[in-house]
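One structure is given here, and the rest of the page talks about it.
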Amino acid sequence: MADCDCAIEARTKAERKTLIVVLTINAVMFFVEFSAGIISESTGLTADSLDMLADASVYGISLFAIGRHMAIKQRAAFLSGVVQISLGLFVMVEVTRRTIVGSEPVSEIIVVAAAIALVANSACIVLLAKHRHGEVHLRASWIFTTNDVIVNAGVILSGILIWVTESHYPDLIVGLVVSAMVIKGGLRILRESRHES
């Protein structure tokens, strides 16, 4: 039958498969980076790990939204934006705390962990590329992942600067920048979810 929903079903299946893979990658990387952030006393890595957790939640919400009514997709995207903003604010508080009490970030661990995260996020970008012009919940996933690559590069740079300057300030600065980017991405998703028709 020419009017069958076969194309929609195939697209939905492809979206679901992609989201399961990227969700798994981000969930694993959250544990890797969070552990490395604690061990290395790195605000940048901790912030990046929470960004991975936020992304995993976004992918989970997007997975839930596939094939559902547009209102549900809008709510899913809105919720993912709220999650991003909340985690960004948490990181800002953590940066403030470490500025006051001090920290001794370990540059080698930071660079290695952030490089692994960069590879993971690059793989996610490749997987999500074919869905980047899709519905709002998939565009949310694309936005978060493209931001992550920039964040990973910034964390690697902070690790190098910590080693060169023997100062913890590059880590604090990157943590602050990451949190600002996370909040900005969350606000963008909130805007898109409201304007989606």
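Taking the side chain as every heavy atom from C-beta outward, T46 and R98 approach each other to under 4.5 Å. Counting heavy atoms from C-beta on, the side chains of V95 and I173 never come closer than 4.5 Å. Looking at heavy atoms from C-beta onward, D48 lies in side-chain contact with D51 at the 4.5 angstrom threshold. Put simply, the side chain of M52 reaches to within 4.5 Å of the side chain of N121, judged on heavy atoms. Residues L187 and I183 form a side-chain contact, since some pair of their non-hydrogen atoms from C-beta on lies under 4.5 Å apart. Residues I160 and V111 form a side-chain contact, since some pair of their non-hydrogen atoms from C-beta on lies under 4.5 Å apart. When side chains are defined from C-beta on, L50 counts as touching F30, because their heavy atoms get closer than 4.5 Å. A heavy-atom distance below 4.5 Å is found between the side chains of I85 and L190.
To the nearest 0.5 Å, the span separating CE on M92 from OG1 on T96 amounts to 8.5 Å. Rounding to the nearest 0.5 Å gives a distance of 11.5 Å between CD1 of I162 and CD of E104. With values rounded to the nearest 0.5 angstrom, I116 atom CD1 is found 11.0 Å from N152 atom CG. Note: S179 OG to F90 CZ = 11.5 Å, rounded to the nearest 0.5 Å. How far OG1 of T99 is from CD of E94: 9.5 Å, rounded to the nearest 0.5 Å. To the nearest 0.5 angstrom, L19 atom CG is 10.0 Å from C124 atom SG.
Residues I25 and A120 approach most closely at CG2-CB, 3.7 Å, considering heavy atoms. Of all heavy-atom pairs between G37 and L45, the closest is CA-CB, 3.7 Å. Between S158 and V174, the closest heavy-atom pair is CB-CG2, 3.3 Å.
By the criterion of side-chain heavy atoms lying less than 4.5 angstrom apart, applied directly or through intervening Ile, Leu, Val, Met, Phe, Trp or Tyr residues, L118 is not grouped with V126; the two fall into different hydrophobic clusters. Under a hydrophobic-cluster definition in which Ile, Leu, Val, Met, Phe, Trp and Tyr are linked whenever side-chain heavy atoms come within less than 4.5 Å, directly or via other members, I150 and V177 are assigned to the same cluster. Cluster annotation: L157 is not connected to W163 through the hydrophobic network of ILVMFWY side chains, with a link wherever side-chain heavy atoms come within less than 4.5 Å. Connection of V22 to V149 is established within a shared hydrophobic cluster, with ILVMFWY side chains joined at heavy-atom distances below 4.5 Å, either directly or through further cluster members. If you chain together hydrophobic residues whose side chains sit under 4.5 Å apart, V28 and L53 fall into the same group.
E41 meets the salt bridge (Lys or Arg N to Asp or Glu O under 4.0 Å) test with no other residue; sequence neighbours excluded. Annotation: side chain to side chain donor-acceptor pair (under 3.5 Å) contacts of S42 (sequence neighbours excluded): D171.
None of V155, T43, I156 except one satisfies the side chain to side chain contact (heavy atoms under 4.5 Å, CB included) rule with I110; the exception is V155.
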